[in-house]
Amino acid sequence: MANSGPFDIVVLGAGSGGYACALRAAELGRSVALIERDESLGGTCLNRGCIPTKALLHAAEVADQSREAAKFGVRATFEGIDVAGVNAYKDKVVSTTVKGLTGLIKSRGIEVVHGTGRLAGPTTVEVTAADGKTTTIEGGHIVLGTGSQPKTLPGLEIDGERVISSDHALRLEHVPGSVVVLGGGVIGVEFASVWRSFGAEVTIVEALPHLLPLEEESSSKRLERAFRKRGIKFELGARFESAKTTQGGISVTLEGGTTIDAELLLVAVGRGPVSDGIGLAEAGVETERGFVKVDEYCRTNVPTISAVGDLVQTPQLAHVGFAEGILVAERLSGLTPPPIDYDGVPRITYSDPEVASVGITSAVARERGHQIKEVTYDLAGNPKSKILGTQGEVKVIASVDGPVLGLHMVGARVGELIAEGQLIYNWEALPGEVAQLIHPHPTQSEAVGEAHLALAGKPLHVHG
């Protein structure tokens, strides 16, 4: 057994939260060891999550555009999906991004250690390499960023053949003829969108009353309307009961007896923390339902251990991991970063149409005692959206005589608009202040301006 260190900071997991912490800490002059069990750095987001799924979604958009080219006076034919070609494109995006990240980490003087890490004490991590060799790494502080993995339901086994997770879905070498997607959250909705664009028959099963149940209800309804128009079926308020393999694939039974037959069942019921086997109990780190318990500064109950990213019970978003990693690095370097306002983090579902939001919903605003006013601006009145051929809306919720509390958008490319929404919410802007800003014409960003003009009592391109 070899020994290495001591380092100022030892980071366990090179996903979004872990590598962001390592980069910022190194920038601030700390000595850092970054431990990762996968061959590639970047974690789930870069290798099996955000980046490859968005590449698939772009390929799906190209497929739809080629089918619909005649609408724009362009003569084109859609001949089908070359899955090997799509995967090669996706994998190249991932591999070049991994290469760039690896070079960046190396340039900062961060010591990368490949192997499976486990807490061996409050300031010690034991790392077992692929060849079985073990190294003990000492650090003044340990940051846990081991991430998450796909979950399933009791009695439902993911076999990688007929019943698959998002990890398997990214490696499929054919377009399935039909799919049941169990779960109408972000992951389920995005894969449903991809597969429908590729030509599959898709049915989403969601136990709650709406798709994307955490979003503003009007956004969910807009998405459902768009999906219905695209031929994506869904069963809402429907609970899964059982699944059995058949000669042709899989038969899914819902409570009440409804059955759906398909080639594949994608289980997209959420992701759980990777916390087993990393020595949490032995090191005395408190957990709750598998998540590591932290305070608003990502501190655990053990003074020398922090935790970030999907391992803690905050929004499972790569950019949340980045922010938490940076916060911890700065705190450990003697700076005083403010806690993260998780309501102020932008959220995007990259389906067709996209759904984007920041701030709180109208229901949450009322629960918190706010008196609110709201405006919904229909993209039908936005010329750039007409050019793109998209439908949707921008909804803005504000406190009566107070700041904007939430922005909720549906439509093609609205994910790019939510950055302005984040500034509006986080800087506690009043509707009248945003109404004074001049948005360029013709752009979709005008929809944000138009909604605030209406909310400020001086609507421009608004009917009624």
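Just so it is clear, the structure is predicted and the values come from calculations on it, not from any experiment.
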Using the test side-chain contact (heavy atoms from CB on, under 4.5 Å), find all partners of [X] that sit at least two apart in sequence or belong to another chain.
| X | result |
| --- | --- |
| V186 | E190, L212, T349 |
| E286 | K293, N301 |
| L28 | R24, E330, S333, L335 |
| A169 | I164, F191, W195, L266 |

Sequence-distant partners of [X], side chain to side chain donor-acceptor pair (under 3.5 Å), two or more places apart:
| X | answer |
| --- | --- |
| E224 | H210 |
| E374 | K395 |
| S197 | D64, R230 |
| E450 | H461 |

Contacts table for residues 407-418: side-chain donor-acceptor under 3.5 angstrom, sequence neighbours left out:
unit_1, atom_1, unit_2, atom_2, d
H408, NE2, I360, O, 2.9

Enumerate the residue pairs fulfilling salt bridge (charged side-chain N to carboxylate O under 4.0 Å, His left out) with a member in residues 31-44, sequence neighbours excluded, ordered by first and then second residue.
D38-R48
Could you pull out every donor-acceptor pair under 3.5 Å between side chains of residues 313-322 and any protein atom, sequence neighbours left out?
unit_1, atom_1, unit_2, atom_2, d
T314, OG1, E324, OE2, 2.8
Q316, NE2, R271, O, 3.1
H319, NE2, P346, O, 2.8

For atom CZ of R239, is the number of surrounding heavy atoms from other residues, nucleotides or ligands below 6.0 Å larger than 12?
no
With a 4.5 Å cut-off on side-chain heavy atoms, are [Y] and [X] touching?
| X | Y | value |
| --- | --- | --- |
| V143 | V308 | yes |
| V94 | N47 | yes |
| V179 | L265 | no |
| D167 | R171 | yes |

OG of S16 to CG of D310, rounded to nearest 0.5 Å, is 8.0 Å
NE2 on H58 to OH on Y350, rounded to 0.5 Å:
14.0 Å
Quick one: do the R299 and S306 side chains pair a donor with an acceptor below 3.5 Å?
no
Can a side-chain donor-acceptor contact be found between T124 and E138 if the only test is distance below 3.5 angstrom?
yes
Going by disulfide bond (SG atoms under 2.5 Å apart), name the residues that satisfy it together with C298, two or more places apart in sequence or in a different chain.
none
Salt bridge or not for D343 and R368, using N-O below 4.0 Å?
yes
